[in-house]
Amino acid sequence: MSEYFTMLVDRDVSLEDAEVTLRNVVTELQCLKIIVDDLTDDCVLSGLGYRPGTAIHEAYKTGVTESPFWQFRTCGVEPTVKRHFNYWAYGPSFDGVTCPNCKTHFQNLPDHFSDGIAQWLDQSGPAIVECTECNIGTAVDLWDAKNPFGFGNLSLIFWNWPPFDRSGWKIDIPGILQSVTGHAIVSSYGHI
Ligand SMILES: [Zn+2]
């Protein structure tokens, strides 16, 4: 079975504050019983994640032909605290980028985009990517992407959870993250 995910990213939190901010987000989701208390390794593809909690049945109403995602093997919420982005939005789930300066849309990645990403990840350089249309350089994390790359220091991957704009959702999970963190939340997605 192919795996789908939504990745929610706090792009504004500093690396110093990311650990505490994550703890606040996790505590809130646990209080709402949206996720369980403990991390386990059997609900994500690698690493650790939180299984959906007991209130997930009320939080999401499945459609008639839809299987409850909380019964899938891979259904955990995987947190990451470090410089990170959605690799799949750069690869198989790539959907074009737009220069923030001249608004030219590129359906293929501009030259040196991967160099910019590498520099951004390990902070080894300015991570500037020059637009071939307007010749203006912009930091790679400020380029617009239809499926956002989700650059940031704090992210949560929701494995096989339906997209959060689907009508079955009775709670607003990106809104919860926004209110707990005090930051805008970027939503990205991918298929594996
Ligand atoms: Zn441009």
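First listed ligand is number 1; within each ligand, the first listed atom is number 1. The first residue in the sequence is number 1, and the count goes up from there.
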Would you kindly say whether [X] and [Y] are connected by a side-chain donor-acceptor distance under 3.5 Å?
X      : Y      : value
Ser14  : Asp17  : yes
His191 : Ser2   : no
Glu3   : Trp159 : no
Ser188 : Asn147 : yes

Inset, instruction - Have a look around the Zn ion (ligand 1) and list protein N/O/S atoms under 2.8 Å, or say none. - result: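 Correct list: Cys99 SG, Cys102 SG, Cys131 SG, Cys134 SG.
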Legend entry - Worked verdict on Tyr50 versus Phe158 for ring-ring contact (aromatic ring centres under 6.0 Å, His included): CA-CA 9 Å; Tyr50 297 97; Phe158 295 77; over 10 Å; no
Legend entry - Given Val20, Asn153, Thr21, Leu154, the one that forms side-chain contact (heavy atoms from CB on, under 4.5 Å) with Val81: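 The passing option is Leu154.
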